[in-house]
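Beneath this line is the structure, given in structure tokens, with notes to follow.
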Amino acid sequence: MLSLTSTGTELRRFRRGTLPRLAVAAMILVPLLYGALYLWAFWDPTGNMDRLPVALVNADEGSTLDGEALNAGDQVTSRLVDSGDLGWVETDAEDAAAGVEDGTYYFAVTVPADFSTDIASAGSDTPTAASLLVTYNDANSFLASTLGRSAMAQVQAAVRSTVGEEAVDQVLVGLGSARDGFAQASDGALTLSAASGTLSDGAHQVADGATTAADGAAQLASGSTTLADGTDTLASGASQLAAGASTLAAKTAQASSGAATLSTGAGLLADGAASAASSSTALAAGALRVDTGVQTLAASAKKTAALSGYVSTLTTSMKGIAQTTTDPATAAALASALGTFGTSVAGLNLPTADQQAAQLASLDQLVDGAKQLDSGAAALSAGLGTLSTKTTELASGASTLASGTSQLATGAGQLATASSTLSSGAARLQSGSHTLADGASQLAAGTTTLADGATQVADGTDQVGDGAQTLADALGDGATQIPDDSDALRTDRAEVISSPVTVSTADVAQAEGFGEGFAPFFIPLALFVGSLITWLLMRPLPSRALATPASGLRTTLSGYLPALALGVAQVAVMLGVIHFGVGLQMHTTLGTIGFTLLVAATFLALQQALMALLGPAAGKVAVLALLMLQLASSGGTYPVETTPMFFRVVHPLLPMSYAVTGLRQVITGGIDGRLWGSVAVLVGFLVGSLAVTAWRAGRLRTWSMARLHPALEI
């Protein structure tokens, strides 16, 4: 009930001290270590085969095939190295053989000297399959050899693919189709040769024509360039003509309008001239009447002047008579009459003599003027008549001019329209001529290229003719060289082509199955577990011996030798059952027994030292941890090169690695220095472990409270 109500009762024992706490951690971590280490070590060994060192020897001396060098060995070597499937190490035959024997290489692949010769023989009368030589040594690692045999199957398939393609290409294709086709091909080549002659003639004609075309195209290009220049000038002239025609149309329209105005004015002028002519006739008549009147007036004036003289003379005469008359009455009457006469004359306001002279002079001038007027009016009348006639003619001519200028304006407008159309057409002609010039230049260049190409074609057709003739000759020779195999030879050739490469194997030391292959791993494992069981039941350092004054070595041996006796019994029973019961065959029985005893002795001493050094409880936990670490790193199953880096580092530091290596050699064979190296290392572990135990036994003679009441017990 107490345990049910207090779950920590048992765990409370582990509260005191560091060692109990470490024991709790160990109990928690041991399953994790066991599972994690195994999974980690063997997580993907086949995926790390590229780290497995394998010797690759290329001894191929090469050969010739159809006159060309054939180095199939180099091709195979390059393909294998480039594949990276294994850790290929290219080396020579001696190094490969030594490496396979001493474990430097797990196995070796050799490309023999006659590899290329055998490949080339597929088409000869003595076809021989090429072979790759593989050397294994199960003493290195049975599983590595097993993986290597599996890898070599893939290598063989890859090599067969590489070489087989070449063999089929070199032999089957030629033999399968050439025999019957060569004769037909030869006939076809002859036909081709004849046709190539005809083709050559045609090609030469084409070349000549192309050359002529090139010359014509060059001339066309030159002419089109000249045409382009002419069209430039034409376009410019047409543009100027269009502008002038437009101006002419405008001016002729103005002239037509002016001519119409002139015609109208001329008509009016003719009418005016006719009216003036008619009026001038009346003017001439008037002028004649003026002349007549003026002359009459001049005659009157002269009479008046004579009358004035007569009056003056009369006055003077009357004044003389009045002055001479003695009769006063007469004189008075004369004086009164003279006065009245004088008053009447004065009332007439007759001009004076000067005035009369001036008037007469003016009248003379007036008479002359009237005469001139009369003459001028007559001339004017005649001139106006002439003017009327001419203006009539002018009006008629102006009308004709107006009609003509109107027609001229219409024609000038049509000319302007036509010249505009001409200018537009000239511009298009200019653009087209330039395009024609460019095209002609391109045509010239193209035809030149065509001429060059046609010349090359002509030369090529000549070469085709020569090649066709050569082909015909070669086909004829090839047809005679194709072998006519017999049925037996054809069968041998087919076998070689179907399997151009074989793999020959050689074993330095070969294990008989998985049992023998894994025995070197399971025997040390069993002995390590047997030692652990032994020390679980026996005390590594007997208390009685520790209580005596015996030396530490004697104390150690007092505990070790009984355990060793049990270990010898374990070896005897185990090897006897394995050999007689399971059927394990050993390369050397005595060597196997002796080495197995050494392994058992070493494991017992090592575990005794750990328990003496760490105490019974912690020591047993350390032994379990060491067991798990060795299982993962000893290389007893997969090659250690395929495991992670941690296991590759601790591999040479642990005794089980050497136990596995030594047992492989004494069981499988191929004994070399590795066996003696393993013996030396195990002896070193044995002696060292006994020495540590002896030293620890001397220290354990002193009893303390920790020894009397250990913090952790099993």
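What you see below is based on every heavy atom in this structure, not just the backbone, and it leaves out hydrogens, waters and symmetry mates.
Contact detail for E90 and V81: the closest heavy-atom pair is OE2-CG2, 3.7 Å. Across all their heavy atoms, V640 and R648 have their closest contact at O-CG, 3.0 Å. Closest non-hydrogen pair, A55 versus A96, comes out as CB-CB, 3.6 Å. Between S116 and A72, the shortest heavy-atom distance links the atoms OG-N, 2.9 Å. The two atoms that bring V660 and G636 nearest to each other are CG1-CA, 4.0 Å, heavy atoms only. Counting all heavy atoms, side chain and backbone alike, V571 lies closest to A600 at CG2-CB, 3.8 Å.
Partner of V666 under the side chain to side chain contact (heavy atoms under 4.5 Å, CB included) criterion, out of L590, T592, T589: T592 alone.
Between V621 and L624 the shortest side-chain heavy-atom distance does not fall below 4.5 Å. V111 has its side chain within reach of L132: a pair of non-hydrogen atoms, C-beta onward, lies under 4.5 Å apart. When side chains are defined from C-beta on, L629 counts as touching F646, because their heavy atoms get closer than 4.5 Å. Considering only heavy atoms from C-beta on, L527 stays 4.5 Å or farther from M656 through its side chain. For the pair L541/T556, a side-chain contact is recorded, criterion being any heavy-atom separation below 4.5 Å from C-beta on. Between I523 and I667, the closest side-chain pair of non-hydrogen atoms falls below 4.5 Å. A 4.5 Å side-chain heavy-atom check between Q630 and P655 finds at least one atom pair inside the cut-off. You'll find the side chain of T596 reaches within 4.5 Å of the side chain of L663, heavy atoms only.
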Exercise for review: Check the pair F595, L675 against side chain to side chain contact (heavy atoms under 4.5 Å, CB included), reporting the backbone distance first and the verdict last.
Suggested key: CA-CA 9 Å; F595 189 80; L675 174 62; 3.9 Å; yes
Exercise for review: Assess whether side chain to side chain contact (heavy atoms under 4.5 Å, CB included) is satisfied between L631 and F521, documenting all intermediate values.
Suggested key: CA-CA 9 Å; L631 290 178; F521 172 66; 3.7 Å; yes
Point to revise | Y560 and T693: CA distance, side-chain angles, deciding distance, side chain to side chain contact (heavy atoms under 4.5 Å, CB included) verdict | key: CA-CA 10 Å; Y560 177 73; T693 305; over 6 Å; no
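Side-chain atoms of W535 come within 3.5 Å of backbone N or O of L604 as a donor-acceptor pair. The closest donor-acceptor contact from the side chain of E641 to the backbone of R51 lies at 3.5 Å or more, if one exists at all. For the pair D92 (side chain) and D95 (backbone), a donor-acceptor distance under 3.5 Å is present. At distances below 3.5 Å, not a single donor-acceptor pair connects side-chain atoms of S633 with backbone N or O atoms of F647. T602 places no side-chain N or O within 3.5 Å of a backbone atom of L686 that could act as its donor or acceptor partner. Proximity of a side-chain donor or acceptor of E61 to a complementary backbone N or O of A113 within less than 3.5 Å is not detected. A donor-acceptor contact shorter than 3.5 Å is absent between the side chain of R539 and the backbone of G559. Side-chain N or O atoms of N71 include none that pairs as donor or acceptor with a backbone N or O of G73 at under 3.5 Å. Side chain of T110 to main chain of V57: no donor-acceptor pair is present (N/O by atom type, distance under 3.5 Å, no hydrogens or angles). With hydrogens and angles disregarded, no donor-acceptor distance shorter than 3.5 Å links the side chain of S78 to the backbone of Q75.
To the nearest 0.5 Å, the span separating CG on L584 from CZ on F522 amounts to 13.0 Å. Taking CG from N58 and CZ from F115, the interatomic distance works out to 9.0 Å, rounded to the nearest 0.5 Å. The distance from atom OG1 of T77 to atom CG of D60, rounded to the nearest 0.5 Å, is 8.0 Å. Within the model, atoms CG of L653 and OH of Y658 stand 7.0 Å from one another, a figure rounded to the nearest 0.5 Å. From L525, atom CG reaches atom CG of L627 across 6.0 Å, with rounding to the nearest 0.5 Å. One finds the OH atom of Y105 at 4.5 Å from the OG1 atom of T91 (value rounded to the nearest 0.5 Å).
Side-chain polar atoms of T534 and Q570 form a donor-acceptor pair below 3.5 angstrom. E101 and N137 are not linked by any side-chain donor-acceptor pair at a separation below 3.5 angstrom, with hydrogens and angles left out of the test.
Ring-plane geometry between F528 and F603 is classed as perpendicular, the angle between the planes exceeding 60 degrees on a 0 to 90 degree scale with a lower cut at 30.
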